[in-house]
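Below, all heavy atoms of this structure are taken into account, side chains as well, without hydrogens, waters or symmetry copies.
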There are 2 protein chains.
Amino acid sequence: MAKTGDAQQRGERPRQAGSQSRASDVEPRWLNSDELAAWLANSAIMISLPAALDARMQRESQMTFFEYMVLSVLSEEPDRTMQMSALATRTSASLSRLSHVVGRLEKRGLLARSRIPGAGRRTNATLTEAGYDVVVAAAPGHVAAVREYLIDSLEPRDLAALRRIGAAVDAAIHREPADPARAATAHVDVPAP
Amino acid sequence: MAKTGDAQQRGERPRQAGSQSRASDVEPRWLNSDELAAWLANSAIMISLPAALDARMQRESQMTFFEYMVLSVLSEEPDRTMQMSALATRTSASLSRLSHVVGRLEKRGLLARSRIPGAGRRTNATLTEAGYDVVVAAAPGHVAAVREYLIDSLEPRDLAALRRIGAAVDAAIHREPADPARAATAHVDVPAP
DNA sequence: CGCCAGTTATTGACGCATCAAGTTCGAGAA
DNA sequence: TTCTCGAACTTGATGCGTCAATAACTGGCG
């Protein structure tokens, strides 16, 4: 059986035997009940939140959450312009994804691309007036959604914790470019049910 | 300048005239610096974490994070079986999405569907032996990833905070009945026949 | 000078998600 | 009985994301 799943939903038997009774708790394989609860709670943030924000953005502003991010980031530059690769980094997207999205936004007239002369293949994306108006119109709804779904329901201490957690996750994901040793150790025997 | 961006970093005000604040004259509050930091940190959890987990699942176990969830949930049922709609609820997915995914998993021989006789159109999904083996093989890697990217880098107090935050988000998203046009999806588990 | 190597960006194919129908069945109303 | 409604799924079209090429340049090397 698998793991992280859940099973407690119904309060029935506490799966994963002994794992949480280990005092030292240095059991690297499975999750104890506190960890499991945290992981399940995390799913709400990881899965439901983006879905909710996306749905709402779509409904209220006819654009994707990601499209909004792109336009928004551009709108914050002094000249409403940014190089594609920088924009990709800023929005945590692959250059490929960004290129597709920017292509669509360009077709909609919300931004324009232009090659930077004498600089390899570098390209700038610039927000148009129409694009700017669209972001400005969408912004209040976006902020409202962020507040409603997340910020406003957190106490100050949890707001602070969220900052630390985000930072930790970011660090954990970005450290280690490639660890050859781990691939081999990834598998461990599974106890039978 | 658009929204969540920054701008008030320093408590300064949102440039951008009230083009849309007309709603009840209560201008939507912007985010102050603490809130903004929390929101940005949250992006790591909302965007980078799922991407990292998905990539790793794909690489190590040739399956999607979501596919793993489906198989995993089934594997925890006493008879490795669950009704489609219940499975959809359990995995926070639409019935449509689940149907597509289950169709693929069935084609791969990892599970099987069967109509429940005399019960409307109800359908059960059951894990096959092969499916069970696959989940068991994938589980350790999954747990390792969850630990590595999230759990292990959190102090106990943040682990607890994460639980509260997840619960808060979940509550915030699921309240709000208001909204014409869409009323489905608020759901409670379905009792077995 | 000509070429190779390294960046930076675009493209196309393909998989997966979503949305709007469509299908199938049971149950209660007429 | 027959109608209609609603629940539980499935299906197909469409659009976005990803991965693996490919393209467009610049600069350095020989």
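- Remark: R115(A) is not in phosphate contact with dA9(C), judged by side-chain N or O atoms under 4.0 Å from OP1 or OP2.
- The side chain of M84(B) approaches dC9(D) more closely than any other nucleotide in the set dC16(C), dC9(D), dT10(C).
- When the local axes at the two ends of the helix from dC1(C)-dG30(D) to dA30(C)-dT1(D) are compared, using 5 base pairs at each end, they differ in direction by 20° after rounding to 10°.
- When each of G120(B) and F66(B) is assigned the nucleotide of DNA chain C bearing its nearest heavy atom, the one mapping closer to the 5' terminus is F66(B).
- Contact check, R104(A) against dG17(D): a side-chain N or O comes under 4.0 Å of OP1 or OP2.
- Using a 4.0 Å heavy-atom cutoff across all strands shown, G118(A) reaches sugar-phosphate atoms only and no base atom.
- Looking at R121(B), its side chain has no donor and acceptor atom pair within 3.5 Å of the base of dC25(C).
- Note: CG (N124(A)) to P (dT8(C)) measures 13 Å, nearest angstrom.
- Listed for the T128(A) side chain is a donor-acceptor partner under 3.5 Å among the backbone atoms of G131(A).
- Cation-pi contact between R56(A) and F65(A): absent, since separation from the ring centre below 6.0 Å together with deviation from the ring axis within 45° is not met.
- Distances shown here put a side-chain N or O of R113(A) below 4.0 Å from the OP1 or OP2 atom of dT10(C).
- You won't find any donor-acceptor pair under 3.5 Å spanning the side chain of S99(B) and the base of dT11(D), going by distance alone.
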**Check against side-chain contact (heavy atoms from CB on, under 4.5 Å), I165(A) and L154(B)** = CA-CA 7 Å; I165(A) 297 170; L154(B) 301 184; 4.0 Å; yes
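- When the P atom of dA17(C) is taken as reference, atom CG of L98(B) falls 10 Å away, rounded to whole Å.
- Taking 3.5 Å as the limit, the base of dC19(C) and the side chain of S96(B) contain a donor-acceptor pair of atoms between them.
- Judged by atom type and distance alone, H100(A) reaches the base of dT18(D) through a side-chain donor-acceptor pair under 3.5 Å.
- Residue Q58(B) places none of its side-chain N or O atoms closer than 4.0 Å to OP1 or OP2 of dG15(C).
- A salt bridge does not link R163(B) to E35(A): none of the charged side-chain nitrogens sits closer than 4.0 Å to a carboxylate oxygen.
- The CG atom of L110(A) sits 5.5 Å away from atom CG of L105(A), with the distance rounded to the nearest 0.5 Å.
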